[in-house]
Structures are given as structure tokens and as C-alpha cells.
Amino acid sequence: MSLMNWTQAELARLRDQNLLRDRREVHPLPAGKCVVSGRTFVNFASNDYLGLAGDPRLADAAVAAMKESGTGARASPLVTGRTSWHVQLEQALAEFKQSESAILFPTGFAANLGTVAALVGPEDVVFCDRLNHASLIDGCRLSRATFRVYPHRDVAALERELRKAGHYRRRLIVTDSLFSMDGDHAPLHELNELASTWDAMLLVDEAHATGVFGTRGTGLLEQQNVHSDRIIPVGTLSKGLGGQGGFVTGPQSLIDWLWNSARTQIFSTALSIPACAAAITAISIVRSEPERRVRLLQISERVRLELSEQGWTIPAESQGPVIPIVIGAAETTMQLAKQLEEQGILAGAIRPPTVPKGTSRLRISLSAAHSDEDVSALITTLNELRRRFPL
Ligand SMILES: *Cc1c(COP(=O)(O)O)cnc(C)c1O
């Protein structure tokens, strides 16, 4: 069969179902704005929660490091790729998360994939929230452990599964802390209690929560005051921290084990030097400028409240900077996103297979960099659309 034939047929099928994804070229600007096809937009579809991706202090740190040590790490970390920049970043992360040690990965995706597969294998069982990020799901599959998916945030269903899992060598529960498509939080206390009762490990992916939640800005485990030596926290440098790369923090033995077994780290070139330097600066800003996360959560609550009053369907459990507006049909969702674009607003339009059929949604992601005027424009524009669109 020719490659052209089947790829064209598959793409036509996606187009018919309104599920074809196409790409755009984006030129980032300060203050949460960007230019696409010559037009300026306010970007409510980024994960730059604290506005650090465009912060000149990160860029300066990256440039200075590059001038000193070059761009690439030149090797995988166990060979010669773990430079003094990497070591400094590991130490900054361990201190930030009040952990004994830290290990870096090329991306958050690689951190999840490599860590899950390093913690469990064919003699083990892994329990996965149905709405977990693709990287956790793929990690579960890759591990070849028995794979149990439990309904979203359903601790009773999870416990029923755990009860039946005593004969496995090891048990691992994996969860996002802030779920990126619904904006809601994992029941971390309950999950930790179940892990303790049923002798399981608990991997918590803080990708969207790092820099955003908690008095010190380390995430939802901190905000919900959940601590245990059974917990494996994973994070990314690519969202709130404005850079690139993934990481795991924890006790020395866990980190040493990942250095010896996480294949996405062992067999991949170490993070680039500017990425390390930018992240070191980002962590120090998160620590010294808590006002960024305070503002972010304030504007998030303002938008959530006003949009609910306008009559949009916002999941009641959603909290924080990710605000899903559930529309239903993929086609209507795309039309709404287009209308917003005409008003200079970019919002995420999330369709199957990313979310279940019939729950397509707009996703508003706020940033501390957004101005009050831009937030007001978002609220006003959505109010006008709400009146015009028969939903
Ligand atoms: C974005 C995301 C990741 C992947 O992180 P990257 O650094 O972008 O690869 C992992 N988990 C969750 C929950 C995410 O939202």
C-alpha cells in the first residue's frame, strides 16, 4: 500500500469529523501576547502561568551560560553530558522541593515515561486515573505492568482495585495533580492514605501546579500538605517555570535508582545548557516573587466567577489558572474559538481524542503576565458570544 494513499484517506476522515489538527506559526511577544499571520493576539492558550518564558532575567541567564559553556550538553548525562549547570539545577530543584536529591529529564513527557517504566514491571500493577496525561498513560503501557484505569478521581473505585492487588510484587498509583483538561485537582490526601493502607507507591505529576500552588510555589502536594516517603513527585520546567525539561525529586535511593534505570534519561542527550541556566533563574524568581502566583490565582478566580455568571458550563471542581468551558460538539467549539480569534483572543479548542466525545471545550489558561485590561476583554467578548451563540 502506498504511503500517500492511506495517509490521505486518514486525513480526509479526520477532516470530515472536524478533528483535523493544523498548525500555526506563532511569534511570542511580552505580556502574554503573540503575533499569528500578522495579527496580534492575547494568548490564553499557553502554559506560561507566571509569565517567565519571556522574562529577560531568564534570557540573560541563558545567554551568559551559553557564552561560557556553549549550547548543547554534548552527551547523555551518564557519559559527559551532566555539566556543572546540570548539577546546579539538580541542587536548586532539590532545595526548592525540600528533597534529598533531584534528577533531570529532557522533557516532562520523558520524565513520566521513564519514571513509571523504572518503578514497575511485568510482576507489578499500576493504577492510573482515566484523565491522566498521555505521558503517564504511555509510561504505564511501556512498563508492561498490569494496567488498571480507574474513573476520574474515584478513590472508592481505586480502593476496590487495590484490595484485589495484594499478590503483585509492587503497586503504583499514578495521577496528575492538576488535571489539564478539566482544571480540577487530584484527591491527594485520599490517594496518599490508600497508598499507605495498601502498600503502594504514589506518583504525582505536578506539571501544571509547579510554580503555581502552595505557599512556596512547589505545587499541590505542598498546598494540600501531603507528605510521604511513598510519593514520587514529577515536575516540568516547561510550564510555570517558563523553560524546558522535566524532573523528579525525592530520597537519594529513588533518584539513584532512576539514574540506573530510567531509559528516557540514560539514552537521551542531557538538557541544553541555556535550558539549565534559565531554570535555575526561574526557580529563584518563583521563590522570591510569590506575588506572581498570588495575582495568577486572583485573576483566575475572577474569570471563573464571571464566566459562570454568564451561564457557561465550567466544571465546578476546576480551580486555578486552567479554566475549561465545556461546549459539547467539536464543530461549535471550533466556531467559538474562531469568533474569539476575530476579537484578538487565542483560546485552546480541545476536541476528541484529547477529551471524551461530546465534551469538546474551550480552554482558557491564564498567566500572571496578562494585563487587567486583557482579562476584562476576554470576559466581555465571551459575554457577547454567549448571547449570540445558541448553546
Ligand atoms: C505538559 C505535561 C507534561 C509534559 O511536560 P513537557 O515538559 O511539556 O514534556 C506531563 N504531564 C502533564 C500533566 C502535562 O500537562
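Val174 and Leu220 are not part of a single hydrophobic cluster, where members link through side-chain heavy atoms under 4.5 Å apart. Under the 4.5 Å side-chain heavy-atom criterion for grouping Ile, Leu, Val, Met, Phe, Trp and Tyr, Leu340 is not connected to Met334 through any hydrophobic cluster.
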Practice task
Apply salt bridge (Lys or Arg N to Asp or Glu O under 4.0 Å) to Asp374 and Lys33, showing your working.
Solution key: CA-CA 10 Å; Asp374 289 338; Lys33 295 199 167 82; 3.1 Å; yes
Handout entry: Asp129/Arg153 under salt bridge (Lys or Arg N to Asp or Glu O under 4.0 Å): CA gap, chis, key distance, verdict
Key = CA-CA 7 Å; Asp129 187 293; Arg153 304 200 314 159; over 6 Å; no
Handout entry: Derivation of the salt bridge (Lys or Arg N to Asp or Glu O under 4.0 Å) call for Asp55 and Arg292
Key = CA-CA 12 Å; Asp55 191 299; Arg292 286 172 181 270; 3.4 Å; yes
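In this structure, Arg304 contributes its side chain and Val322 its backbone to a donor-acceptor pair below 3.5 Å. Under the 3.5 Å distance criterion, the side-chain polar atoms of Arg171 are left unmatched by any main-chain donor or acceptor of Phe127. Using modelled atom types, one side-chain atom of Trp257 and one backbone atom of Ala118 make a donor-acceptor pair closer than 3.5 Å. Side-chain atoms of Ser238 do not come within 3.5 Å of backbone N or O of Gly243 as any donor-acceptor pair. Arg170 places no side-chain N or O within donor-acceptor distance of the main-chain N or O of Val125, the cut-off being under 3.5 Å. Of the possible polar contacts, none joining the Thr175 side chain to the Ser177 backbone as a donor-acceptor pair under 3.5 Å is found. Formation of a donor-acceptor pair under 3.5 Å by the Arg230 side chain with backbone atoms of Ala200 is found in this model. With hydrogens and angles ignored, the 3.5 Å screen pairs no side-chain donor or acceptor of Glu123 with any backbone N or O of Arg169. Looking at Asn225, its side chain never comes within 3.5 Å of a backbone N or O of Leu221 through a donor-acceptor pair. In this structure a side-chain-to-backbone donor-acceptor pair under 3.5 Å is missing from Thr354 to Ile350.
Results of the side chain to side chain contact (heavy atoms under 4.5 Å, CB included) test with Leu203 over Val126, Ile231, Leu119 single out Leu119 as the only residue that passes.
Salt-bridge formation is not detected for the pair Asp16/Arg13: no Lys NZ or Arg NE/NH1/NH2 atom is positioned less than 4.0 Å from an Asp or Glu carboxylate oxygen. At a threshold of 4.0 Å, the pair Asp182-Arg361 counts as salt-bridged, since one of the basic side-chain nitrogens sits closer than that to a carboxylate oxygen. Checked for salt-bridge contact, Glu306 and Arg302 meet the test: a charged N lies under 4.0 Å from a carboxylate O. Salt bridge absent: Arg39 and Glu341 never bring a charged side-chain N and a carboxylate O closer than 4.0 Å.
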Ignoring hydrogens and angles, write down the donor-acceptor pairs under 3.5 Å from the side chains of residues 207-215, residues two or more places apart or on other chains.
unit_1: His208; atom_1: ND1; unit_2: Tyr49; atom_2: OH; d: 2.6
unit_1: Thr210; atom_1: OG1; unit_2: Glu206; atom_2: O; d: 2.7

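Judged by a 6.0 Å distance limit and a 45° cone about the ring axis, Arg386 is positioned over the six-membered ring of Trp312.
Trp198 and Glu159 form a side-chain donor-acceptor contact under 3.5 Å, judged by distance and modelled atom types alone. Side-chain contact annotation: Asp205 with Asn132, donor-acceptor N/O pair under 3.5 Å absent.
Proximity of Ile273 to Arg74: side-chain heavy atoms (C-beta onward) are separated by under 4.5 Å at one or more points. In this structure the side chain of Ser360 reaches within 4.5 angstrom of the side chain of Pro352, judged on heavy atoms.
Residues His152 and Phe179 bring their aromatic ring centres within 6.0 Å.
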